[in-house]
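The structure that follows is given in the form of structure tokens.
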Protein chains: 2
Amino acid sequence: MGRQHAERVDLAVSTVIFALRPSPDSDLMTLWLPLVRRIREPYEGRWALPGGWLSPEHDLETAARATLGRTTGLTPRYLEQLYAFGTLDRSADDTRVVSIVYWALVHADEAAQAIDSDNVEWFAVDDLPELAFDHRTIVDYAVWRLRTKMEYSRIAHGFLGETFTLAQLRQVHEAVRGCSFDPANFRRQILATGSLVDTGEHLTGTSHRPPRLYRYDTAVQPADHGPLTPSKEQA
Amino acid sequence: MGRQHAERVDLAVSTVIFALRPSPDSDLMTLWLPLVRRIREPYEGRWALPGGWLSPEHDLETAARATLGRTTGLTPRYLEQLYAFGTLDRSADDTRVVSIVYWALVHADEAAQAIDSDNVEWFAVDDLPELAFDHRTIVDYAVWRLRTKMEYSRIAHGFLGETFTLAQLRQVHEAVRGCSFDPANFRRQILATGSLVDTGEHLTGTSHRPPRLYRYDTAVQPADHGPLTPSKEQA
DNA sequence: ACAAAAGTGTTGCTCATACACCCATGA
DNA sequence: TCATGGGTGTATGAGCAACACTTTTGT
């Protein structure tokens, strides 16, 4: 309570980056995210969300994208603002920091391994180390938002390639939501939304009947992206 | 495009304050919000959302509450962060401003009229004047959020007193959602959520059968308030 | 008695779940 | 031909919209 008041408010932008990867023990897919090790006080040595100070000439979303590129070398398949965190006590020292946090989906294949430097490491969401600042709260909230949004939105797209089978799409849902779905019912529900397009092609090389490949209908918006994309007009 | 880059980023907190009031023409309830007239450039004379600069010793939510008190003299019945707006071009001059916007529900009765100074005025949401900055976008988004959240949350509470009849609650929903509901079905749906408590009392003085008075069950959270209230744990 | 809104009952539709069953391919 | 997952059909049940009907007050 005897803390000094900071003289100014600093503005940072951080990003919670999600990717789907096979779990080390089971061969199921699970959620992973990259963290960076802090190289200075406060919380030196602890893991933290990737981010940086907001410079006046950068857009908020641009800053989030830049962070993402720096940390993973990837382009987000989905990016959305999460929340602005700004309580007085969130920066262990006497500075006042407001962090505007974004969350992103990428599909982590080959490229992701590239930037596996000493200071960047991927962690399974349900096996995180101790985090710096209030970043644990932030991650928990981001995971909650991802799970919730997966229920009513089409963001699973962000974890997949251009074309995919219904089984792959289902596995994404199962990994994120943490439960399994009846393949038959999942198929019908997804197709009923009309957001998928049958490419006519099939995936071969499987040891069973070759499944159809689908593509997302680009005419449909994947989700409500916030206030800036005008997709929420009413008639 | 030939704009100078600002030297720093300024942080503001604004609040979209909603109240339910009888419409001037029809006697239905409609959404209203207070705006303040700008007394300096840019956009001098235009109407804008109430707000102010964020000082280092104030919490984001505290700042939003303070704005609300200054403008309306009221305490919010509901308050939630809406979004952080931070595009480069949102401040007509060459300054860079990031606004963290909150939205609030109040019930505007006697007290509200008190602060009806020259610079504060209430407007019907579907009859707004031209607003300063990107505040029109912000208001539209806030209205969308209010409508959406009303569908699955219990925030209607924010517009009502301690006890209320089901008809009053239904009228709030109808005003915000913009359509009418079957009283019979509305009753069942609301009661099925288990969020209402029968006070046992009745409202008298009506020219028909006296309706029961209900109270919200305070044990149930009204809505997911964001990341800071830990109500989104899973078992 | 009558109007008007509170409150209850009932029916039919839609949609999600569960699960039985056929299809097509590799081994 | 068998195993495996892709894909289709269908019965059951929950929940909601629509609307008929009964109840209780003031006038």
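Model, not experiment: these values are computed from the prediction. For the numbers below, each heavy atom of this structure counts, side chains included, while hydrogens, waters and symmetry mates do not. Residue numbers begin at 1 in each chain, while the letters A, B, ... track the order of the sequences.
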Check the orientation of Phe133(B) and His135(B). Use parallel for under 30°, tilted for 30 to 60°, and perpendicular for over 60°. tilted

Determine, stepwise, if the pair Arg136(A) / Glu130(A) fulfils salt bridge (Lys or Arg N to Asp or Glu O under 4.0 Å). CA-CA 8 Å; Arg136(A) 183 53 193 259; Glu130(A) 283 221 19; over 6 Å; no

With heavy atoms under 4.0 Å as the rule, sort Thr206(A) into base, sugar-phosphate or nothing. sugar-phosphate

Salt bridge (Lys or Arg N to Asp or Glu O under 4.0 Å) with Arg187(A): which residues, sequence neighbours excluded? none

Mind calculating the distance between CG (Leu213(A)) and C1' (dG6(D)) to the nearest angstrom? 12 Å

Between Leu166(B) and Arg209(A), which has a closest nucleotide on DNA chain C that is more 5'? Leu166(B)

Name the closest nucleotide to the His208(A) side chain, picking from dG26(D), dA6(C), dG5(D). dG5(D)

Scan side-chain atoms only and decide if Tyr83(A) and Gln81(A) contain a donor-acceptor pair under the 3.5 Å cut-off. no

How long is the line joining CZ of Arg212(A) and C1' of dC23(C), in whole Å? 12 Å

Among residues at least two apart in sequence or on other chains, which ones pass salt bridge (Lys or Arg N to Asp or Glu O under 4.0 Å) with Glu162(B)? none

4.5 Å side-chain heavy-atom contact, Phe164(A) and Leu213(A): no

Listed in order of residue number, which residues of residues 181-203 of chain B have a non-hydrogen atom at under 4.0 Å from DNA chain C? Ala184(B), Arg187(B), Arg188(B)

